[in-house]
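Structure record follows, encoded as structure tokens.
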Amino acid sequence: MTHPVPPALQPTLDLLKAMTPFASVSGQISQQRELAQWLEDWIRQNLHGVPVLPVSQQNDDNTPPLVHMRIERQAAKTLVLYNMYDVMPATDEGWEFPPFTGGIAEWPGTGAVYIARGAENNKGPLAGMLMAIKSLCDAGGPDVNLEIILEGEEETGSGRLRRYLAQEPCPVPSAGAVFFPSLCEYGGGAPRVYLGFSGLSGGRLRVRGGAWGGPHAAIHASNANWIANPVWRLVHALHAIAPAENSGVIARQTVDEPANRLLHTLAQQFSISDELHFRRSEKLSVSGDTLACLQQLINGAVLNISEICSVPQQARGVIPHSASAELALRVPPGIDGENLLAAIRQTLSRAEFDGVELELDDSYPGHRFPRNSPGVDALLASYQAQGAQPQVWPWAPGCAPAYTFARIAPAFLIGGLGHGGNAHGVNEFVTLRGLERFQQSVTDWIRFYARDTPFSALPE
């Protein structure tokens with residue numbers, strides 16, 4: 001079935017379709033490298049961008065390349081546009097179209113959607129961002145200098161990006177703001193503006209067999225009365241770090257007055273039932289009125305366990321020789337994540353946890369900035385231009401490497417109109433109408449930033 005595409009949207013959709021087949025998943029370095037080179041070439045040819053860090057000169061075979069392009073306009077202002085080209089893994093099971101092929105479908109109640117891995121997170125927004133820049137360039141703009149930075153490790157901690165920006169001197173010049181264009185009409189609701197982001201520490205807890213009493217190699221389960229099982233030791237350690245009755249929350253902070261003012265305004269328009277309409281059958285660990293629930297959502301440091309496994313796997317009749325749990329510690333700005341990690345290590349140093357090791361892949365702190373920071377008014381005005389009334393959050397419960405840009409610009413803003421969904425899941429999508437709204441909002445955002453367009457409808 002052929003689905004009509006608005007003529008103005010067709011080039012953006014064509015760009016998204018061209019990016020979709022790259023399986024730019026963590027661990028697939030060749031695919032990530034090919035997409036990075038493809039993006040660098042596209043920006044050079046279509047936006048006249050100049051490579052600051054050519055992909056061809058990044059020879060680390062184990063790390064996805066950065067794409068850093070510069071569009072110099074001899075303007076008074078400089079803006080950093082950040083985005084990502086890595087996506088989550090996907091198999092064909094359950095998808096309407098193969099996830100790395102993609103296709104258009106008509107969904108009742110939603111309309112025409114483009115379905116593919118990365119359609120929402122974040123190849124769709126990346127395509128819209130690039131085409132927004134192209135529309136401004138074709139019209140003789142933009143009236144700002146642009147630094148475009150695209151990374152391939154956002155889903156795994158942004159290690160290369162953080163090391164790159166930590167260099168002396170910094171390869172990215174000082175800017176007024178950093179924009180991370182993304183689809184922010186979550187579930188088709190009001191767009192969001194986050195004035196900060198949580199930090200992230202990712203890794204695993206591992207228990208190996210050996211001198212503490214566990215087996216050096218898998219042995220028959222009939223020995224369970226004699227031989228300690230590393231899985232039980234792992235479960236014991238996890239409970240000591242984050243008791244199950246707290247659902248992984250290991251620290252909370254009092255929400256300060258500036259954040260509470262924003263939450264009071266947000267609570268008047270926020271609907272928890274609408275937010276969780278895809279998960280109404282699940283048990284929620286929240287209580288109190290809307291304001292209390294919002295405070296609970298953003299004020300806690302939470303340890304999430306995404307996977308527990310043992311070696312060998314699926315061997316019911318054996319005692320495994322090792323076990324591990326994949327962990328992600330999400331820490332809001334205001335709570336010291338390093339102190340929490342130190343406390344976890346102190347707990348694991350007890351004799352009862354001999355043989356339990358914490359392995360960290362990467363770690364970065366949370367970061368927040370004031371409502372009156374550069375770029376915030378421009379983002380709000382870009383929503384208002386299309387009749388959208390935004391929600392302003394003190395910071396996001398989700399994570400982003402905002403802190404790493406703090407030495408470059410006073411604000412790191414994620415934003416953009418547009419409705420997508422199922423990120424990280426089956427049938428990830430963006431609505432065609434949402435992609436069109438998104439591109440226009442990014443175009444307006446850049447223009448309004450260049451002109452210092454004010455927005456005064458929301459409280460400070």
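All residue numbers refer to positions in the sequence shown, counting from 1. All figures in this text were calculated on a predicted structure; none of them were measured in a lab.
At a cut-off of 3.5 Å, with distance as the only test, a side-chain donor of Gln295 or Asn260 sits close to an acceptor on the other residue. Judged purely by distance below 3.5 Å, without hydrogens or angles, the side chains of Gln37 and Glu40 pair a donor atom with an acceptor atom. Remark: the Glu151 side chain and the Tyr82 side chain contain an N/O donor-acceptor pair separated by less than 3.5 Å. Side chains of Asn145 and Arg73: no donor on one and acceptor on the other come within 3.5 Å.
Ion pairing of Lys77 with Asp452 is present here, as a side-chain N (NZ or NE/NH1/NH2) and a carboxylate O approach within less than 4.0 Å. Under a 4.0 Å N-O distance rule, the pair Lys123/Glu428 does not qualify as a salt bridge. A salt bridge between Glu326 and Arg204 is present, with a side-chain N of the basic residue lying under 4.0 Å from a carboxylate O of the acidic one. The pair Asp377-Arg371 meets the salt-bridge criterion, since a charged nitrogen lies less than 4.0 angstrom from a carboxylate oxygen.
Remark: Cys293 SG to Leu263 CG distance equals 11.5 Å, nearest 0.5 Å. Taken to the nearest 0.5 Å, the SG atom of Cys309 stands 9.0 Å off from the CG atom of Leu234. A distance of 10.5 Å separates OG of Ser24 from CD1 of Ile29, quoted to the nearest 0.5 Å. Here CZ of Arg252 is found 8.5 Å from CG of Asn246. Values are rounded to the nearest 0.5 Å. Atom-to-atom distance recorded for Leu238:CG and Ile305:CD1 is 4.5 Å, nearest 0.5 angstrom. Rounding to the nearest 0.5 angstrom, the gap separating the CG atom in Leu360 from the OG atom in Ser201 is 6.0 Å.
Without hydrogens or angle criteria, Gln31 side chain to Ala23 main chain gives a donor-acceptor distance under 3.5 Å. A donor-acceptor pair under 3.5 Å links the side-chain atoms of Asp336 to the main chain of Asn339, judged by distance alone. A side-chain donor-acceptor contact under 3.5 Å links Asn422 to the backbone of Asn427. In this structure, the side chain of Arg117 engages the main chain of Gly425 through a donor-acceptor pair within 3.5 Å. At distances below 3.5 Å, not a single donor-acceptor pair connects side-chain atoms of Thr404 with backbone N or O atoms of Pro401. Of the possible donor and acceptor atoms, none in the side chain of Ser324 sits under 3.5 Å from a partner among the backbone N and O of Leu205. Using modelled atom types, no side-chain atom of Glu155 and backbone atom of Val25 make a donor-acceptor pair closer than 3.5 Å. One N or O on the side chain of Arg33 and one on the backbone of Gln58 form a donor-acceptor pair closer than 3.5 Å. Checked by atom type and distance alone, the side chain of Arg330 never pairs as donor or acceptor with a backbone atom of Leu303 at under 3.5 Å.
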*Evaluate side chain to side chain contact (heavy atoms under 4.5 Å, CB included) for Leu329 paired with Asn304, printing each intermediate quantity in order.*
CA-CA 6 Å; Leu329 176 60; Asn304 185 60; over 6 Å; no
*Take Arg192 and Tyr194 through the test side chain to side chain donor-acceptor pair (under 3.5 Å) and record every step on the way to the result.*
CA-CA 6 Å; Arg192 297 182 183 180; Tyr194 294 121; 3.1 Å; yes
*Working for salt bridge (Lys or Arg N to Asp or Glu O under 4.0 Å), residues Arg368 and Asp256*: CA-CA 12 Å; Arg368 64 188 291 197; Asp256 60 30; 2.6 Å; yes
*Starting from the C-alpha separation in whole Å, work towards a yes-or-no answer on side chain to side chain contact (heavy atoms under 4.5 Å, CB included) for Thr101 and Thr20.*
CA-CA 6 Å; Thr101 299; Thr20 295; 5.8 Å; no
*asked:* Between Glu168 and Arg407, is the salt bridge (Lys or Arg N to Asp or Glu O under 4.0 Å) condition met? List the steps.
replied: CA-CA 11 Å; Glu168 294 290 353; Arg407 64 182 303 206; 2.8 Å; yes
*Given the rule in the side chain to side chain contact (heavy atoms under 4.5 Å, CB included) test, do Thr12 and Leu15 qualify, once you have shown the distances and angles that lead to the verdict?*
CA-CA 5 Å; Thr12 306; Leu15 180 57; 5.6 Å; no
*Checking side chain to side chain contact (heavy atoms under 4.5 Å, CB included) for the pair Leu150/Leu126: CA distance, chi angles, key distance, verdict?*
CA-CA 9 Å; Leu150 313 177; Leu126 174 55; 3.7 Å; yes
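If you look at Trp393 and Phe270, their ring centroids are closer than 6.0 Å. When ring centroids are compared, Phe429 and His419 come within the 6.0 Å threshold. Taking the six-membered ring wherever Trp is involved, the centroid distance between the rings of Tyr383 and Trp445 does not fall below 6.0 Å. Between Phe405 and His367, a ring centre-to-centre spacing not shorter than 6.0 Å is recorded. Between Phe412 and Phe369, the distance from one ring center to the other does not fall under 6.0 angstrom.
Here the shortest heavy-atom pairing between Ala251 and Leu340 reads CB-CD2, 4.0 Å. Closest approach of Ala385 to Asp444, counting heavy atoms only: CB-OD2, 3.9 Å. Of all the heavy atoms in Pro181 and Val442, the pair that sits closest is CB-CG2, 4.0 Å. Summarising the geometry of Ser174 relative to Thr78, their closest heavy-atom pair is O-CB, 3.9 Å, with the distance given to 0.1 Å. Nearest heavy atoms, Phe353 versus Leu348: CB-O, 3.5 Å. Taking both residues in full, the closest heavy atoms of Ser198 and Trp395 are given as OG-CD1, 4.4 Å, listed atom of the first, atom of the second, then distance.
Other residues, nucleotides and ligands place no more than 12 heavy atoms under 6.0 Å from the CD atom of Glu93. Atom CD of Gln346 is surrounded by 12 or fewer heavy atoms from other residues, nucleotides or ligands within 6.0 Å.
Within the 4.5 Å cutoff, no side-chain heavy atoms of Arg261 are placed close to those of Thr265. Contact of the Glu153 side chain with the Ser26 side chain is not registered, since no non-hydrogen atoms from C-beta on lie closer than 4.5 Å. Within the 4.5 Å cutoff, the side chain of Leu47 has heavy atoms near those of the Lys134 side chain. A heavy-atom distance below 4.5 Å is found between the side chains of Leu266 and Leu294. Here the side chains of Gln268 and Thr290 are not in contact, with every heavy-atom distance at 4.5 Å or above. Pro370 places none of its side-chain heavy atoms less than 4.5 Å from the side chain of Leu195. Annotation: side chain of Ser322 is not in contact with side chain of Ser310 (no heavy-atom distance under 4.5 Å). Side-chain contact between Pro171 and Leu53: absent, with no pair of heavy atoms (C-beta onward) separated by less than 4.5 Å.
Under the rule for a salt bridge (charged side-chain N to carboxylate O under 4.0 Å, His left out), Glu338 has no partner lying at least two apart in sequence or in another chain. Listed by chain and residue number, Arg206, Glu357, Glu359 satisfy the side-chain contact (heavy atoms from CB on, under 4.5 Å) test with Arg208 (two or more places apart in sequence, or in another chain). Remark: Arg345 pairs with no residue by the salt bridge (charged side-chain N to carboxylate O under 4.0 Å, His left out) rule, at least two apart or across chains.
Aromatic ring orientation, Phe179 versus Tyr449: perpendicular (interplanar angle above 60°, classes split at 30° and 60°).
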